[in-house]
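Below is one structure, written out as structure tokens; comments come after it.
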Amino acid sequence: MVIDQLRREFTVRKGYWFAPKLFGYGATPVTWQGWAVTLGFAAMVIALATLIRDPAASVAVATALTVPFLALVHAKTDGGWHWRWGARG
């Protein structure tokens, strides 16, 4: 069944918060910790984008938040990041 296959694909070992995407490059949150970090990151970027009026400062702050966020996601992804084509890997 397709649901069972998806459930297996998005199950991670203990200590990991993200699973590799099935297609493309990157990861998706699969635990509450991963979702909390992702939603917190998105909320901070949106809040700061609305509060900071200078475009250059806004980009600098967004970059300063994005780099550590991506490093955390990469470290907490079970299976690492590389290009994937579904079940074929």
> Are Leu70 and Val61 connected in a single hydrophobic cluster, I mean Ile/Leu/Val/Met/Phe/Trp/Tyr linked by side-chain heavy atoms less than 4.5 Å apart?
Replying inline: yes
>> Test your reading of the model: is there a side-chain donor-acceptor pair from Arg53 to the backbone of Leu51, 3.5 Å cut-off?
In response: no
> Which pairs pass ring pair (Phe, Tyr, Trp, His ring centres under 6.0 Å) with one or both residues in residues 47-68, sequence neighbours excluded?
Replying inline: none
>> Restricting to ring pair (Phe, Tyr, Trp, His ring centres under 6.0 Å), what partner residues turn up for Phe41, sequence neighbours left out?
In response: Phe69
>> Can you confirm if the aromatic rings of Trp85 and Phe23 lie within a centre distance of less than 6.0 Å?
In response: no
> If you take all heavy atoms of Ala75 and Tyr16, which pair is closest and at what distance?
Replying inline: O-CE2, 3.9 Å
> Between Trp17 and Thr77, is a side chain to side chain contact (heavy atoms under 4.5 Å, CB included) present by the stated rule, with each step listed?
Replying inline: CA-CA 6 Å; Trp17 302 347; Thr77 299; over 6 Å; no
>> Using only atom types and a distance under 3.5 Å, with no angle test, would you say the side chain of Thr31 pairs donor to acceptor with the backbone of Gly34?
In response: yes
> Could you state the interatomic distance from CZ (Arg84) to OH (Tyr25), rounded to the nearest 0.5 Å?
Replying inline: 9.5 Å
>> Using side chain to side chain contact (heavy atoms under 4.5 Å, CB included), reason through Leu48 and Leu65 one step at a time and then give a plain yes or no.
In response: CA-CA 10 Å; Leu48 290 172; Leu65 291 173; 3.6 Å; yes
> Does Thr63 use its side chain to pair, donor to acceptor, with the backbone of Val59 at less than 3.5 Å?
Replying inline: yes
> Under a 4.5 Å side-chain heavy-atom rule over Ile, Leu, Val, Met, Phe, Trp and Tyr, are Met44 and Val37 clustered together?
Replying inline: yes
>> Test your reading of the model: is there a side-chain donor-acceptor pair from Lys76 to the backbone of Gly15, 3.5 Å cut-off?
In response: yes
> Which atom pair, heavy atoms only, marks the closest approach of Ser58 to Ala49?
Replying inline: OG-CA, 4.0 Å
>> Tell me every residue that passes ring pair (Phe, Tyr, Trp, His ring centres under 6.0 Å) with Trp35, counting only those two or more places apart in sequence or in another chain.
In response: none
> Taking the side chain as C-beta and beyond, is there a heavy-atom pair between Thr38 and Thr28 under 4.5 Å?
Replying inline: no
>> Quick check: do Val73 and Trp81 have side-chain heavy atoms less than 4.5 Å from each other?
In response: yes
